[in-house]
Amino acid sequence: MLDKYVENYKDEIIKKTQELIQIPSIVSTSNNPHHPFGEPINHALEYMLKLGKNLGFRTKNIDGYCGYLEFGTGKELIGIIGHLDVVPVDTDWTYPPFSGTIFNNRIYGRGAIDDKGPVISSLFAMKIVMETCQVHKRVRLILGLNKKNDWKCIDYYKRREEAPSLGFSPDADFPCTHCEKSILTTYLKMDYSTFLNKDILIKEINTNNNPINVVPKTCSIILEIKNHKITMCDLIKRLKYMIEENKYEIDIYKIDEKQVKLTSHGIASHAAHPNLGINAISRLLVVLYKIFDFYEIHIELLDFFYTYINTQYNGENLEINIEDESGKLTLNVGDIFLKHNMLQIGLNLHLPITVNMITITSKFTKYTNAYWNIDFDIVSYKPAFYIPKTNNLVKTLCNIYNEEINSNLNPIAIGGSTYARAFDNCIAFGPNFPGDKNMCHQTDEFIDIDNLLLSCKLYAKAILALNNF
């Protein structure tokens, strides 16, 4: 029965996914208290609320921080928690990132898989259930607006609105996830003012506003020669040798006889999967360490980085390469900047569920204490999320997937973070299918149309199952 209804809505599901992708909903600063995350984000929220109202749902805009669409009656509330914000884009897309272009049965665009396609498929799953079944619980699609930043949207929701009694977030993988690693964001800092009179100076750094939870695709640094005894020709020659020695993709552009720009190129991926990317910042920092070391300019922060982090993404040299049932610890060098003479390197770590944060921070403290000019600051920490595989919700959603796909897969652990951890008795359910390449945060992000429609059917089945809990 569900197949017929999904097929009936196929064209609309595709069209609405395209239209939502076409809204460039990247979080931005705003002076409008009613649009705290910027105008494009608000546009995406208003689009969804209008669409929901036209489809027959009750809707609410919660002061511009988030919103929801709802149907049904009853005391209990089933929650489906998604988000409308997306990570920034670069210029290397095959198709414009906010076009929603369809090619080869795929919808391309930023947010296609994370999380706009899944939000639309969830919405139409609700529509199908509302049209075909009587439910004795309310079903609510909660729309977060700044998941890629600091979750202020969901925090605001939880302070003012009813929490779901159970539910799922369409923001990870099938068959379902039962645990998510803890996430630690830190910065290594050093006063750079004592190096302003050295022979070579870091003049400018640009990471193209890379989010710290994304493996950076590009990073550029401008170096300035302060000592007339060092020629630009000699500096470029040595830089070329160091870049070629490491087989890095780093461009050298001579600005003038005093300044040179280095641009490092990598491959973007989610920070939870650094093995799928190439870190442009890490590679550039390795070269910077070597060139400064050659000219006997000993910058402590670069020395620490080269010795203890380098291009590793599991923390081997820091002795934090820990693994448990949730997977390996991952470390992403996601940010670097120079401001007010403070040189800072930002790290985003995803910690296995059995690892205590203090175990990790104590290692950083141990090794940074050997450098008089380095500070280690904790910016944020999200505790791990864990529900046993034997939990009824976990078993139910996993069984829905296995029965539909005719498989026998077990619930999985992920390194990423979903809104499931914001609520009790909630787990992540899709949209990535086993074996598919994870396009989250990547250039040429897409969602397969067949998978988009299949996820709609799975979400409808999930709603019906949770209604009978």
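If you read the sequence from its start, that first residue is 1, and numbering goes on from there. Everything quoted here is computed from the prediction, not taken from an experiment.
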(Q) Looking only at the side chains, is there a donor atom on one of Tyr187 and Asp335 sitting less than 3.5 Å from an acceptor on the other? (A) yes
Q | Side-chain ion pair, Glu131 and Lys127, N-O less than 4.0 Å | A | yes
Q) Is the cationic atom of Lys382 (NZ for Lys, CZ for Arg) positioned less than 6.0 Å from the six-membered ring centroid of Trp151 and within 45 degrees of its normal? A) yes
Q) Would you say Cys426 and Pro164 make side-chain contact, with heavy atoms under 4.5 Å? A) no
Q | side chain to side chain donor-acceptor pair (under 3.5 Å) between Asp90 and Thr443, worked out | A | CA-CA 7 Å; Asp90 54 47; Thr443 299; 3.0 Å; yes
(Q) salt bridge (charged side-chain N to carboxylate O under 4.0 Å, His left out) for Lys16 and Glu19? Distances and angles first, verdict last. (A) CA-CA 5 Å; Lys16 299 308 179 185; Glu19 290 177 354; 3.5 Å; yes
Q: Apply the test side chain to side chain donor-acceptor pair (under 3.5 Å) to residues Asn61 and Glu46: give CA-CA distance (whole Å), side-chain angles for both, the deciding distance (0.1 Å), then the verdict.
A: CA-CA 8 Å; Asn61 184 332; Glu46 291 294 342; 3.0 Å; yes
Q.
For Ser326 and Asp324, which I'm curious about, is there any donor-acceptor pair between the side chains at under 3.5 Å?
A. yes
Q) Passes side chain to side chain contact (heavy atoms under 4.5 Å, CB included), Tyr47 versus Leu20? Steps please. A) CA-CA 8 Å; Tyr47 172 89; Leu20 188 55; 3.8 Å; yes
Q. Between His83 and Asp114, is any side-chain donor less than 3.5 angstrom from a side-chain acceptor?
A. yes
(Q) Please check this pair: side chain of Arg138 against backbone of Lys75, looking for a donor-acceptor N/O pair closer than 3.5 Å. (A) yes
(Q) With no hydrogens and no angle check, just 3.5 Å: does a side-chain donor-acceptor pair link Glu76 and Asn467? (A) no
Q.
Side chains of Cys456 and Ile128, heavy atoms from C-beta outward: is any pair under 4.5 Å?
A. yes
Q.
So Leu45 and Leu145, do their side chains get closer than 4.5 Å, heavy atoms only?
A. yes
Q) Does one side chain, of Asn275 or His273, offer a donor that lies under 3.5 Å from an acceptor on the other? A) no
Q | Glu404/Lys461 ion pair, N-O < 4.0 Å | A | yes
Q.
Does either side chain, that of Asp85 or that of Ser25, offer a donor lying less than 3.5 Å from an acceptor on the other one?
A. no
Q.
Would you say that more than 12 heavy atoms from the other residues, nucleotides or ligands in this model lie under 6.0 Å from the CG of Asn209, or not?
A. no
Q: Step by step, work out the side chain to side chain contact (heavy atoms under 4.5 Å, CB included) result for Met48 and Ile120.
A: CA-CA 9 Å; Met48 284 299 300; Ile120 293 295; 3.8 Å; yes
Q: Indicate whether the side chain of Asn310 and that of Asn317 have a donor and an acceptor atom separated by less than 3.5 Å.
A: no
Q: Test ring-ring contact (aromatic ring centres under 6.0 Å, His included) on Tyr157 and Tyr65 and set out the steps.
A: CA-CA 8 Å; Tyr157 175 93; Tyr65 277 83; over 10 Å; no
Q.
I'd like to know if the side chain of Arg110 reaches the main chain of Gln442, judged simply by a donor and an acceptor atom lying under 3.5 Å from each other, with no hydrogens or angles considered.
A. yes
Q | side-chain hydrogen bond (donor to acceptor under 3.5 Å, both in side chains), paired with Lys217, selected from Asn279, Asp92, Asn208 | A | Asp92
Q) Considering all heavy atoms of both residues, which atom of Gly416 and which atom of Ile183 are nearest to each other, and what is their separation? A) C-CD1, 4.4 Å
Q) Would you say Ile449 and Ile102 make side-chain contact, with heavy atoms under 4.5 Å? A) yes
**Q.** Exam field: side chain His350 to backbone Thr330, donor-acceptor pair closer than 3.5 Å
**A.** no
Q.
Could you walk me through whether Tyr459 and Phe124 satisfy the ring-ring contact (aromatic ring centres under 6.0 Å, His included) test, starting with their C-alpha distance in whole Å, then the side-chain angles of each, then the deciding distance to 0.1 Å, before giving a yes or no?
A. CA-CA 9 Å; Tyr459 295 148; Phe124 280 91; over 10 Å; no
**Q.** Ionic contact status for Lys147 with Asp115, cut-off 4.0 Å
**A.** no
Q | Expected output: side-chain Lys137 to main-chain Phe469 donor-acceptor under 3.5 Å | A | yes
Q: Could you tell me which non-hydrogen atom of Leu55 sits nearest to which non-hydrogen atom of Met130, and how far apart they are?
A: O-CE, 3.4 Å
Q: Could you tell me whether the side chains of Asp63 and Tyr156 share a donor-acceptor contact shorter than 3.5 Å?
A: yes
Q | Ile81 backbone acceptor or donor facing Ser169 side chain under 3.5 Å | A | yes
(Q) Does any part of the side chain of Ile353, heavy atoms only, come nearer than 4.5 Å to the side chain of Glu325, both counted from C-beta? (A) yes
Q | side chain to side chain contact (heavy atoms under 4.5 Å, CB included) evaluation trace for Leu123 with Ile80 | A | CA-CA 9 Å; Leu123 173 65; Ile80 305 172; over 6 Å; no
Q. Can you check side chain to side chain contact (heavy atoms under 4.5 Å, CB included) on Leu351 and Asn356, steps first, answer last?
A. CA-CA 8 Å; Leu351 316 183; Asn356 190 303; over 6 Å; no
Q) Of all residues at least two apart in sequence or in a different chain, which pass the salt bridge (Lys or Arg N to Asp or Glu O under 4.0 Å) check with Lys152? A) Asp150
Q) Going by distance alone, is a donor N or O of one side chain under 3.5 Å from an acceptor N or O of the other, for Glu180 and Thr418? A) yes
Q: Decide salt bridge (charged side-chain N to carboxylate O under 4.0 Å, His left out) for Glu161 and Lys60; before the verdict, give the C-alpha distance in whole Å, the side-chain angles of both, and the deciding distance to 0.1 Å.
A: CA-CA 11 Å; Glu161 298 291 336; Lys60 184 174 182 180; 2.6 Å; yes
**Q.** Close side-chain approach of Phe305 and Ser282, heavy atoms under 4.5 Å
**A.** yes
Q: Indicate whether the side chain of His270 and that of Asn438 have a donor and an acceptor atom separated by less than 3.5 Å.
A: no
Q. Knowing that exactly one of Phe168, Phe174, Phe429 qualifies, which makes a ring-ring contact (aromatic ring centres under 6.0 Å, His included) with Tyr401?
A. Phe174
Q. Do Leu347 and Phe364 come within less than 4.5 Å of each other through their side chains, counting heavy atoms only?
A. yes
Q. When you check the side-chain N and O atoms of Tyr108 and Arg106, is any donor under 3.5 Å from an acceptor?
A. yes
